[in-house]
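Here the structure is a predicted model, which means the values were calculated and not measured. Just so it is clear: chains get the letters A, B, ... in the order the sequence lines come, proteins before strands, and each one is counted from 1.
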Amino acid sequence: MPDAYAAIVEPVLDWYAEHARDLPWRRPDADPWAVLVSEFMLQQTPVSRVLPAYEAWLARWPTPKHLAAEEPGEAVRQWGRLGYPRRALRLHAAAVAITERHSGEVPAAYEALRALPGVGAYTAAAVASFAFRQRHAVLDTNVRRVLARAVRGEEHPPPSTTAGEWRLAESLLPAEPERAARWAAASMELGALVCTARAPRCADCPIAARCAWRLAGKPPGPPRRGQSYAGTDRQVRGLLLAVLREADGPVPQAALDAVWPDAAQRARALDGLVADGLVEPLDDGRYRLPASPPR
DNA sequence: CACTCGTGGGT
DNA sequence: TACCCAAGAGT
């Protein structure tokens with residue numbers, strides 16, 4: 001494609017300068033720890049629900065060392081109803097690793113970030129880019145959708161990230177690190193605010209004139225199977241963990257039995273929570289949030 | 001690679 | 001109202 005950079009990157013950067021949201025983790029006082037916390041919370045969770053949880057978390061644990069000194073169960077409790085509570089456990093484990101291996105400072109190197117619990121390719125690139133202003137391809141669901149439409153002419157990106165998507169993202173990366181970091185945030189913001197999954201606002205899009213998908217008449221992509229929830233183990237796990245979160249201390253078996261009628265599924269869900277280290281069984285038959293990290 | 005893992009708001 | 005799906009990671 002001829003000069004995709006000028007056709008895509010520059011208009012999106014200009015658009016971002018006008019339309020960027022004032023999010024707390026983008027402000028100058030957001031240090032690398034704050035950025036890391038925001039990225040954990042934003043994994044599969046909308047911004048609007050993260051905002052209050054982010055503020056409360058950092059008020060309680062302003063540095064990795066503060067969190068590392070706590071029991072992991074306290075992280076799970078503070079996580080509240082953000083969903084996917086294993087993230088809380090991994091964020092706690094990351095704080096421990098940062099304290100032990102990096103003197104309590106969030107590392108700047110991509111590989112060191114990637115080695116932290118709960119930090120995958122996206123989060124490592126995002127923290128290196130947003131907190132340390134480095135040059136990395138930051139490929140989240142928003143960017144993948146923007147590129148799928150604007151460049152590939154398809155409504156949705158593939159189910160899982162492909163090598164081709166990474167190649168494309170890297171080919172568009174501005175040479176200057178600061179500019180690359182701004183592009184990362186800008187392309188995500190465009191996907192979040194304009195090039196949305198459901199009802200894209202093409203009239204407000206800075207690259208609509210060159211968007212391959214729009215120019216092709218917005219052909220609908222193949223149907224994608226939705227994630228079912230009602231009646232699954234995930235729902236039962238959520239109900240069980242909610243009881244433990246809201247209790248002050250250990251909870252008797254009967255309190256957990258009350259949340260779901262199917263005893264077999266209930267047992268399977270509870271076993272899963274124990275296996276994940278989210279719940280600790282006591283010798284007296286009661287259960288509690290974990291007091292010590294799983295080794 | 002396919003599957004699992006929470007929760008709640010938007011359409 | 002019933003879906004759809006949201007700054008993914010780990011297995």
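- The gap from the P atom of B:dT4 to that of C:dA7 amounts to 23 Å, rounded to the nearest Å.
- Here A:A126 lies out of heavy-atom contact (under 4.0 Å) with every strand.
- One side chain, A:T45 or A:R87, offers a donor N or O that lies under 3.5 Å from an acceptor on the other.
- Residue contacts shown for A:L241 are absent, as no nucleic acid heavy atom lies under 4.0 Å away.
- Straight-line distance from the CG atom of A:L239 to the C1' atom of B:dG6: 10 Å, rounded to whole Å.
- Residue A:R145 places at least one side-chain N or O closer than 4.0 Å to OP1 or OP2 of C:dA6.
- Between A:Y84 and C:dA9, a side-chain N or O to OP1/OP2 separation shorter than 4.0 Å is absent.
- Of the candidate nucleotides C:dA7, B:dG6, C:dA9, C:dA9 has the atom nearest to the side chain of A:T123.
- Among the nucleotides B:dC5, C:dA6, C:dA7, the one closest to the side chain of A:D233 is B:dC5.
- Taking atom P on both nucleotides, B:dG6 is separated from C:dT11 by 14 Å, rounded to a whole Å.
- If you check every strand for non-hydrogen atoms under 4.0 Å, A:P159 touches nothing.
- Between A:R245 and B:dT7, a side-chain N or O to OP1/OP2 separation shorter than 4.0 Å is present.
- The shortest heavy-atom contact between A:P117 and A:F40 is O-CZ, 3.3 Å.
- The side chain of A:W25 lies closest to C:dA7, out of B:dG8, C:dC5, C:dA7.
- By the side-chain contact (heavy atoms from CB on, under 4.5 Å) test, A:E105 pairs with no residue at all, sequence neighbours left out.
- Remark: P of B:dT7 and CG of A:L42 are 17 Å apart, rounded to the nearest angstrom.
- The shortest distance between the side-chain N/O atoms of A:Q44 and the OP1/OP2 oxygens of C:dG8 is below 4.0 Å.
- At least one side-chain nitrogen or oxygen of A:T141 sits closer than 4.0 Å to the OP1 or OP2 atom of C:dA6.
- Within 4.0 Å of A:A199, counting heavy atoms only, lies no atom of the nucleic acid at all.
- Counting non-hydrogen atoms under 4.0 angstrom, A:V50 reaches nothing in the nucleic acid.
- Put simply, A:R87 has no side-chain N or O that comes within less than 4.0 Å of OP1 or OP2 on C:dA9.
- Distance CZ (A:R268) to C1' (B:dC5): 14 Å, rounded to an integer number of Å.
- Base contact: A:G83 has a heavy atom under 4.0 Å from a base atom.
- A donor-acceptor pair under 3.5 Å is absent between the side-chain atoms of A:W15 and the main chain of A:E10, judged by distance alone.
- Remark: P of C:dA7 and CG of A:L23 are 11 Å apart, rounded to the nearest angstrom.
- Both A:D140 and A:P117 sit near DNA chain C, but only A:D140 has its closest nucleotide nearer the 5' end.
- Closest-nucleotide positions on DNA chain B for A:Y229 and A:R198 were compared, and the one nearer the 5' end corresponds to A:Y229.
- Note: CG (A:L91) to P (C:dA7) measures 19 Å, nearest angstrom.
- Remark: the backbone N or O of A:V251 is not paired with any side-chain donor or acceptor of A:R288 at under 3.5 angstrom.
- Comparing C:dA9, C:dA7, C:dA6 by their closest approach to the side chain of A:Q227 singles out C:dA6.
- Rounded to whole angstrom, the span from the CG atom of A:L139 across to the C1' atom of C:dA9 amounts to 15 Å.
- Atom P of nucleotide B:dC5 and atom CH2 of A:W79 are separated by 18 Å, given to the nearest angstrom.
- In summary, the side chains of A:Y122 and A:E39 do present a donor paired with an acceptor at a separation below 3.5 Å, with no hydrogens or angles considered.
- Side chain A:T45 to base B:dG8: no donor-acceptor pair is found below 3.5 Å.
- We find that CD of A:Q43 is positioned 20 Å from P of C:dC5, with the value rounded to whole Å.
- For CZ of A:R152, the number of neighbouring non-hydrogen atoms (other residues, nucleotides, ligands) closer than 6.0 Å is 12 at most.
- Distances shown here put a side-chain N or O of A:R224 below 4.0 Å from the OP1 or OP2 atom of C:dC5.
- Donor-acceptor pairing under 3.5 Å, judged by distance alone, is present between the side chain of A:R234 and the base of B:dG6.
- Under 4.0 angstrom from either OP1 or OP2 of B:dA2 there lies no side-chain N or O belonging to A:S160.
- For B:dT7, the OP1/OP2 oxygens have no side-chain nitrogen or oxygen of A:R49 closer than 4.0 Å.
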